[in-house]
Amino acid sequence: MKYNVALVGCTGMVGRKFLEILEERNFPVNELYLFASARSAGKEMTFSGANYTVEELKEDNIKNKKIDFALFSAGGSISLEYAPIFARYGAVVIDNSSAWRMDPEVPLVVPEVNPEDVKKHKGIIANPNCSTIQAVAALKPLHDKYGIKRIVYSTYQAVSGAGASGYNDLVEGYKGEAPKKFPYPIAGNLLPHIDSFLDNGYTKEEMKMVNETRKILHDDSIKITATTVRVPVLNSHSESINVELNNSFELEDIFELYKNAEGIILEDDVNNLVYPMPLDASGKDGVYVGRIRRDFSLDNGLNLWVVADNIRKGAALNTIQIAECMINK
Ligand SMILES: NC(=O)c1ccc[n+]([C@@H]2O[C@H](COP(=O)([O-])OP(=O)(O)OC[C@H]3O[C@@H](n4cnc5c(N)ncnc54)[C@H](OP(=O)(O)O)[C@@H]3O)[C@@H](O)[C@H]2O)c1
């Protein structure tokens, strides 16, 4: 069986990756429809050797098409307006923005972690925040075996996470250009600030990690705090994750757990300087885990270093894996 697939935001960083990954994974595409803003209407894009024309996103261009999956990556306001429209015309929307993630009616899914949640959808499924996806992929085996009491997230996030304009700020910044996307230069700098600030002093990105982790792991009792930082790295997010487990553990069991965990690649051999790095993770599908060590400052404490390609596993790949998960179920 083949499916009619629409890509909304097809010209963006994530949208282009949708095209690449659908082709790479031989996703069973029947008709393909490409949507972006009026600025891109008429542009040609290639998929599996054929040319497709980008259409302006508007209801008139949607209503006569029979779309099975609509993969969205055009920002929150577009998702809020258009996801219900696509769903009304019979599509299952898988959305990359933060617009629907905390809606109790909308499943928030990482296929290695909570695949069964896709069944509860009512037309819209949300793809979690890029930093959350790689974190929960690494935390799920620990949560299942030992239970998680508390998490401290510190992130080192690449500029590609801020879209094409964030990427340009780093590349052009090294040539002396002033930033257009970020409030300060990112070249040779880092910004302890991702998304806007909230009244509690946290950024929205930090609270996304807190709230989305609890929703995906189905456990509101986990205590979580986060600091999210933009760093001058082109692609792939890195995270230091400090976890307090409910039960005691042996380090060798943790290594064993990660050797066999779905979607995880264990890279931890410090004697040979083996640990995950963003340059190595870029272009790959796995969530890389390393620097595994006991946190001596508390009982049952563990430190992890987790790296993944934020445009692939953090966005486009996870979205397509959700669609595959629906097909397989
Ligand atoms: N980058 C990441 O790591 C990442 C990770 C997870 C989730 N996301 C989410 O994915 C979404 C897109 O991110 P991105 O990094 O791909 O951004 P981007 O590179 O800036 O691309 C934005 C896309 O949205 C389209 N768009 C903008 N205004 C539109 C409109 N009025 N109607 C239709 N399409 C419109 C753009 O089309 P034009 O080219 O025509 O302007 C472009 O295709 C965001 O919600 C972001 O939060 C990004």
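For ligands, and for the atoms within them, numbers begin at 1 and follow the listed sequence.
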Q.
Going by salt bridge (Lys or Arg N to Asp or Glu O under 4.0 Å), name the residues that satisfy it together with R230, two or more places apart in sequence or in a different chain.
A.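 If we apply the salt bridge (Lys or Arg N to Asp or Glu O under 4.0 Å) test to R230, skipping adjacent residues, there are no hits.
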Q) Roughly how far, to the nearest 0.5 Å, is CG of D68 from CE of M1? A)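 Going from CE on M1 over to CG on D68, the span is 6.0 Å.
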Q. List by chain and number: which residues place a heavy atom under 4.0 Å from ligand 1?
A.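 Close residues (ligand 1, cut-off 4.0 Å): G9, C10, T11, G12, M13, V14, A36, S37, R39, S40, L57, S73, A74, G75, I78, N96, S97, C130, S160, G161, G163, A164, N310, I311, G314, A315.
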Show the atom names and distances, to 0.1 Å, of all donor-acceptor pairs under 3.5 Å that link a side chain in residues 240-254 to residues at least two apart or in another chain.
unit_1	atom_1	unit_2	atom_2	d
N242	ND2	D295	OD2	2.9
N242	ND2	N303	OD1	2.8
N247	ND2	Y146	O	2.8

Q) F72: what forms a ring-ring contact (aromatic ring centres under 6.0 Å, His included) with it, not counting sequence neighbours? A) F86
Q. Do N96 and S73 have side-chain atoms, one donor and one acceptor, less than 3.5 Å apart?
A.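 Result is no, nothing qualifies.
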Q | Donor on one side chain, acceptor on other, Y202 and T228, under 3.5 Å | A | no
